[in-house]
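Order of the sequence lines fixes the chain letters, A, B, ..., with proteins taken first and strands second; residue numbering starts at 1 for each chain.
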2 protein chains.
Amino acid sequence: MSDRRRTNGNSESVDNYLKAILTLGGPAETRVTSTALAERLEVAPASITNMLQKLAAAEKPLVEYERHRGVRLSSAGKKRALEVVRHHRLIETFLYEVLDYPIEEVHEEAERLEHFISERFEERIAAKLGHPKIDPHGHFIPTMEGHMPLQASVKLAEVVEGGTFVIDSVDDRDARTLKQLEANGIKVGAKLRLKPRTATEGYSVNIGRSAKALDLSREMAGDIRIVPAQK
Amino acid sequence: MSDRRRTNGNSESVDNYLKAILTLGGPAETRVTSTALAERLEVAPASITNMLQKLAAAEKPLVEYERHRGVRLSSAGKKRALEVVRHHRLIETFLYEVLDYPIEEVHEEAERLEHFISERFEERIAAKLGHPKIDPHGHFIPTMEGHMPLQASVKLAEVVEGGTFVIDSVDDRDARTLKQLEANGIKVGAKLRLKPRTATEGYSVNIGRSAKALDLSREMAGDIRIVPAQK
DNA sequence: CCTACCTATTAGGTATACCTAAATCGTTGA
DNA sequence: TCAACGATTTAGGTATACCTAATAGGTAGG
């Protein structure tokens, strides 16, 4: 429909490809496959190939791409991806803190607006928020210079040994699950006791000092990242 | 570039056409010519014809259009146009009041964001601002129901008789001129004495109780709307 | 009344970002 | 090794929203 012609090679779509490659590549920035991108972006694999070829062929390529071997971000691509992530997370924080959005609604709005705000907007909301380092889901907000610490946490779903943990962050993409988490008092920074996986079928946890065990759904367990609690 | 496919017939472009037709049609909602639209939207006349045909041919037409006879908004089109104007003016107000934007920068940002904010965003910034009726340029903000009072003022450039007036509103589209106005203390609500046009070449005014006459450029005079001061 | 001129429309083309269907590449198990 | 399968790419098509150039419509002056 639209045709915003941002003269350069940027666009909403390109932004989303770059973000997806950043996320799927992980901290090691391994190559990402077309299929993985196709799934994440909900787009046909053929469309992925097309876009990647274009991004790689540009004068200032945003990705490194070789047929049948996946993609990774170029340094320009990584810069832009981090900028978009910064926008996203600042906007989420702003919606939550200043506009009192329910936590589960910030992602969708940010997902749209992240592509269209100006430098000035970015700077002003950052200032208003006191230059936050973490968004309401516990994710690091990249700096203006494009730096972002590693998220040193693991998915609750992948933890086998039991123990006491602190909730590091939660995935923001699925509003339904996020709302469930919220409803059960599962929020960033909360303490949680986890039963060893061997002892139980699903994921059984106690939130805070609650005596009542809570059974997490697969989605919930997959969307929570935790770190061991310091004694 | 982008391709936001908002399933229905809405899009950034469509929004802009509707807004332009609303504005150019004036309060009488007279038919607007292709040429006028082409100029306002800075698009080739042929493109206008194309778009108008599509808008008129839709299942739920947004405009009434007859070849060679201009367009006017359908009631659905008017509703959408007013919604976009509401977004625009609320965003401007928000940027100015909450994010401390310089007055001359709010328009451009609002012009982009107006197309992408959700109902919730609209509602939240309106609430935050105390449901304002007027934006920082003095323009009425359409209500949620799509009502907007007439701007009962005239362009300073079109006033011949001299006298004392109050600045009702200023045009927001030209940042350069707006900045000049601001720099000269010309702001909404300010009182102003205007010399009769016969007595002078250009537009000579005294702002507030200033004794120093100020000569307005053509652009400045065209961008200011005034009402007679009540005694 | 009828032509000249300006306005508006049609015709045909571009770029982005998708799609489906039909190749082809690569790796893996027999 | 090599065939088969799944992953990937190529080929060809759609829709939006633009563009330029060529045609047609309307109107105003002679």
Side-chain angles (χ1 to χ4, degrees), chain A residues 1-21 24 30-59 61-72 80 84 111-112 115-116, chain B residues 1-21 24 30-59 61-72 80 84 111-112 115-116:
Chain A
M1 291 199 166
S2 216
D3 174 43
R4 175 158 328 86
R5 72 191 51 207
R6 298 196 231 153
T7 50
N8 29 357
N10 288 358
S11 80
E12 205 181 332
S13 282
V14 171
D15 284 353
N16 287 333
Y17 277 79
L18 299 178
K19 258 201 322 178
I21 297 167
L24 295 174
T30 54
R31 269 193 277 266
V32 175
T33 66
S34 296
T35 312
L37 279 172
E39 253 170 52
R40 164 62 81 126
L41 295 172
E42 299 182 85
V43 147
S47 305
I48 301 289
T49 301
N50 253 271
M51 180 62 102
L52 296 183
Q53 289 175 339
K54 221 181 353 184
L55 295 181
E59 348 63 55
L62 293 166
V63 302
E64 293 165 25
Y65 166 69
E66 280 172 286
R67 293 173 59 203
H68 294 279
R69 322 197 56 215
V71 249
R72 32 190 310 194
R80 176 61 187 161
V84 178
E111 194 69 9
R112 251 179 299 111
H115 310 289
F116 306 110
Chain B
M1 292 200 166
S2 216
D3 172 44
R4 178 157 326 85
R5 71 190 51 208
R6 298 196 232 155
T7 52
N8 32 355
N10 289 358
S11 81
E12 205 180 332
S13 284
V14 171
D15 284 353
N16 288 332
Y17 277 79
L18 298 177
K19 258 202 320 180
I21 297 167
L24 296 174
T30 53
R31 269 193 277 268
V32 176
T33 66
S34 296
T35 311
L37 279 173
E39 254 170 52
R40 163 63 80 125
L41 296 173
E42 299 183 83
V43 146
S47 305
I48 301 289
T49 302
N50 253 273
M51 179 63 100
L52 295 184
Q53 289 175 337
K54 220 182 353 187
L55 294 182
E59 349 63 52
L62 293 166
V63 303
E64 292 164 26
Y65 165 70
E66 279 172 287
R67 294 176 54 204
H68 293 281
R69 322 197 56 217
V71 249
R72 32 190 309 197
R80 176 61 187 161
V84 178
E111 194 68 8
R112 250 178 301 110
H115 309 289
F116 305 109

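When the side-chain nitrogen and oxygen atoms of B:S13 are compared with OP1 and OP2 of D:dT16, none of them lie within a distance under 4.0 Å. Phosphate proximity of C:dT16 to A:S11: absent, as no side-chain N or O sits under 4.0 Å from OP1 or OP2. Taking only side-chain nitrogens and oxygens, A:Y17 comes nearer than 4.0 Å to OP1 or OP2 of C:dC18. Within the 4.0 Å cut-off from OP1 or OP2 of C:dC18, not a single side-chain nitrogen or oxygen of A:S47 is found. Listed pair A:S34 / D:dT9 meets the phosphate criterion, a side-chain N or O lying under 4.0 Å from OP1 or OP2.
Put simply, the side chain of B:L37 does not reach to within 4.5 Å of the side chain of B:M51, judged on heavy atoms. Side-chain contact between A:T49 and A:Y65 is present, with at least one heavy-atom pair separated by less than 4.5 Å. Residues A:N16 and A:V84 are not in side-chain contact: their nearest non-hydrogen atoms beyond the backbone lie 4.5 Å or more apart.
Distance B:E39 CD to C:dC6 C1': 14 Å, rounded to the nearest Å. When rounded to the nearest whole Å, the span between CD of A:E66 and P of C:dC25 equals 16 Å. Rounded to whole Å, atom C1' of C:dA17 lies 14 Å from atom CD of A:Q53. Distance B:H68 NE2 to D:dA24 C1': 7 Å, rounded to the nearest Å. A straight line from CE of B:M51 to P of D:dT16 spans 9 Å, rounded to a whole angstrom. One can place CD of A:E12 at 21 Å from P of C:dA15, the figure rounded to the nearest angstrom. At whole-Å resolution of the value, CG in B:L37 and C1' in C:dT7 are 14 Å apart. In this structure, B:K54 places its NZ atom 13 Å from C1' of D:dT14, rounding to the nearest Å.
Ion pairing between a basic and an acidic side chain is recognised when a charged N comes within 4.0 Å of a carboxylate O; B:R69 and B:E64 show no such pairing. Electrostatic pairing of B:R72 and B:E66 does not count as a salt bridge here, judged by no charged N lying under 4.0 Å from a carboxylate O.
Mapping A:R67 and A:N50 onto DNA chain C via the closest heavy atom, the residue that lands nearer the 5' end is A:N50.
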